[in-house]
Amino acid sequence: MAKTRVIYWFRTDLRLHDSPALRAALDLNAEAFWPIWTWDPHYVYKTRVGVNRWQFLIDCQNDLSKSITRLNPNSKLFLMREAPQTLFPKLFRAWKITHLVFEKDTDPYARARDAVVMEAAKEAGVEVIVRYGRTLWDSDELVKKNGNKPTMSIKQVEAAGPKIGPVPKPIPAPNSMPDPGETTLNFEREVPEQHPDLNEGCREKKDKSYEKIAGPNGDFAVPTLAELGFPPATTPHRGGESIALCSLHKTTSNATYTATFQKPKTAPTAFSPQSTTLLSPHLHFGTLSVRQFYWDVQDVLSSYKGKEKASTPPTSLIGQLLFRDMYFGAQAHLGHAFSSTLHNPKCRFIPWQLSNAPTPTTTPPSNPASTSTYTIDSPQAEAWFQRWKYGRTGFPWIDALMRQLRQEGWIHHLGRHAVACFLTRGGCYVSWERGAEVFEEWLIDHEEACNIGNWQWLSCTAFFAQYYRIYSPVAFGKGWDQHGAFVRRYVPELGTLDEKWIYEPWKAPEEELRRAGVRIEGDGASGSGEEEGVYPQPMFDFAERRTICLEKMKKAYAVGLYGDDHRVLDGSWKHLFDEPSNEHEEEQGSENNRKRKAKGQATLDGHFKKAKI
DNA sequence: AATGTGGTTGATGCT
DNA sequence: TAGCATCAACCACAT
């Protein structure tokens, strides 16, 4: 038997089925094999992981650990509470490791982290094996086949993907796993820097997850929410590969549903059950392989003989997976710059309120944007933002969605459209970055690439540009749910209000409100309007805000700046917006856009010089 | 190079 | 009830 001593490092792939990296690790026929997870202070303190997503992660880890033990009673998922960058060099020596194997991760922080770990492995003489299995196609390969440009449209993905080759077929789960070696830890432990802690506000008690490297009982156990100082989760959705595979099977065993799925025709108001598959959190944690999903759907399609025509990308289920690859491809190319407007060459500059504060340097940030700060440049906008976040806008459709999000960690994609449009270009004119942070904290399926990409889409700063298509906080929900069952479910204080007023309670006559036992009053600010039987006034006249936002968007598009423009970074963009809108300037704007298009990444300087002549 | 067409998911009012 | 034009007018992509 080969004397290989292997660490398999689980990260974005909490599964045994269809894992190219795990297969590569097991093919080493190790004499000792440790399946491990490293607790990462970056994840624990520097990203917004809400209680519900923590619960989901813990579910995934427990399920995976059980599955490993089923393959080998001596093994399980070994959780190590130290940063991988400092842990691995010590672990390599202590356990005489010969191989480290993991799935490639193209998130900007992950790339930097893995580079450090791979360097340490090189120094320790440990061979590193990396395999890709997180998207349909390796995101870096996808970018290459897209002319070394970020994938910014679904057409580009449809063209570039097949150039790489067909989506790899699923790999069966292993049916055995070698014993782990010794698990003694005879080395000094490095306690991570715990401040600042982005999740401090969520904790009821002090975080104790890093007190001992192998957990409180020294058995490498999966942590509990209590250890992290969190209160119990509120989400009804549970994680784990077992559940993920059951859910996938449930979806694909309904051939008609699977083959004719059209995303825009699924109701965002359906809640019991939901109208979509709810497989996104499983894709996020890698408890479901996206390629397994892809091929299971393809199998259904190839044998489908139903009356209704099968759907095709982009609206079909396969189309949804292509969008995911598109966002991963954009992020793989742009790195940290993808996550904010500033420094982002593909993100249109709009002078939103509550935007990320500019970084002092002119180079793209090396730190994740999630540690960004913003200035309250408008108390009004900040108040609207807070009311939006906590579901107290006075628009029941918006509030129901935001409350469902906070409580359950998941809302339908079209619901995300409705609240995102409302916060940004179709109501509050608040930066998409603020909304993205709330989603980061509250979504159990939060995937940085997809979240950032979708917020840019909805705010019409990248991927999508039809800013005049604005969702109404009244009409859109009503179109899907005439009777307001969804609103009643999540905004119970309006539970018995007649359907005539359920989307616009401020218009209801006094006697209707009295009969329904609700008063419409207060400004929805924190600490007010939370009295039982009270629902806030709408925070603004939507029609009025709609018009204002449209004008502002039109202006910003005419000016035509992007996040990497020096005038955006040095603040001189203000002059371009101060000037009153006139014919000449509109022409300049169009010219800007045309020039930019013709010159690719060129700045607008050339045009301005030309314009002066 | 100018022009036309289409773009996963708008709202409204008309036929 | 589904399909269409209108609203105002964006970008990407193909020709």
Side-chain angles (χ1 to χ4, degrees), chain A residues 146-147 149-160 260-270 275-277 280 309-327 330 346-350 397-398 401 411-422 424-427 450 453-454 456-482 503-504 542-543 545-562 581 586-587 589-600:
Chain A
N146 190 46
K149 287 184 203 134
T151 42
M152 300 305 289
S153 77
I154 204 65
K155 274 209 162 66
Q156 290 170 4
V157 175
E158 286 176 306
T260 64
F261 182 95
Q262 288 175 271
K263 186 63 158 280
K265 292 188 180 172
T266 58
T269 47
S275 59
T276 48
T277 65
S280 53
K309 226 183 129 195
S311 56
T312 52
T315 56
S316 64
L317 277 178
I318 297 293
Q320 308 312 299
L321 303 183
L322 294 175
F323 276 106
R324 184 171 173 274
D325 266 47
M326 176 183 80
Y327 291 133
K346 291 289 175 183
C347 184
R348 210 172 257 286
F349 172 75
I350 314 270
W397 163 238
I398 299 296
L401 286 163
I411 52 178
H412 185 279
H413 190 64
L414 289 181
R416 300 181 197 197
H417 278 218
V419 299
C421 182
F422 185 84
T424 59
R425 66 184 167 84
C450 301
N454 277 313
Q456 289 176 2
W457 182 299
L458 262 298
S459 60
C460 290
T461 50
F463 301 102
F464 185 71
Q466 288 161 281
Y467 60 77
Y468 41 84
R469 289 192 182 171
I470 295 170
Y471 293 87
S472 159
V474 173
F476 189 62
K478 199 185 270 179
W480 289 102
D481 179 8
Q482 181 71 45
Y503 290 96
E504 299 168 285
F542 173 69
R545 288 301 305 172
R546 185 185 187 279
T547 307
I548 291 169
C549 284
L550 260 173
E551 279 169 11
K552 285 176 181 286
M553 293 299 289
K554 193 176 169 183
K555 173 81 181 179
Y557 264 69
V559 171
L561 298 177
Y562 283 76
S581 197
E586 299 298 328
E587 277 171 23
S590 308
E591 180 73 0
N592 283 353
N593 292 331
R594 197 189 63 75
K595 278 278 166 190
R596 188 181 168 85
K597 192 175 162 188
K599 290 183 146 190

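Below, read A as the first sequence line, B as the second, and so on, with proteins coming before strands; counting in each chain starts at 1.
Backbone-only engagement by A:F476 is indicated by non-hydrogen atom pairs under 4.0 Å involving sugar-phosphate atoms exclusively. Here A:Q320 lies in heavy-atom contact (under 4.0 Å) with a base. Looking at heavy-atom distances under 4.0 Å, A:W480 makes no contact with the nucleic acid at all. Using a 4.0 Å heavy-atom criterion, one finds that A:L414 contacts the bases of the nucleic acid, with or without backbone contacts as well.
Atom name P, nucleotides C:dA14 and B:dT8: the rounded distance is 13 Å, in whole Å. Taking atom P on both C:dC4 and B:dG6, the two are 13 Å apart, rounded to the nearest angstrom. Here, C:dT15 and B:dA1 have their C1' atoms 11 Å apart, quoted to the whole Å. One C1' atom belongs to C:dA9, the other to B:dG7, and the distance between them is 14 Å to the nearest Å. Between B:dT9 and C:dC13, the distance separating the two P atoms is 16 Å to the nearest Å.
A:Y503 contributes a side-chain N or O that, together with a main-chain N or O of A:G477, makes up a donor-acceptor pair within less than 3.5 Å. A side-chain donor-acceptor contact under 3.5 Å links A:Q320 to the backbone of A:P314.
Distance, A:Q482 CD to C:dT1 P: 11 Å, rounded to whole Å. We find that OH of A:Y467 is positioned 20 Å from C1' of B:dT9, with the value rounded to whole Å.
Nucleotide C:dA9: unpaired (no Watson-Crick or G-U wobble partner with both distances less than 3.5 Å). Across all strands shown, B:dT8 forms no Watson-Crick or G-U wobble pair with both key distances under 3.5 Å. Across every strand in view, B:dT3 sits in a pair with C:dA14 that passes the Watson-Crick or G-U test at under 3.5 angstrom.
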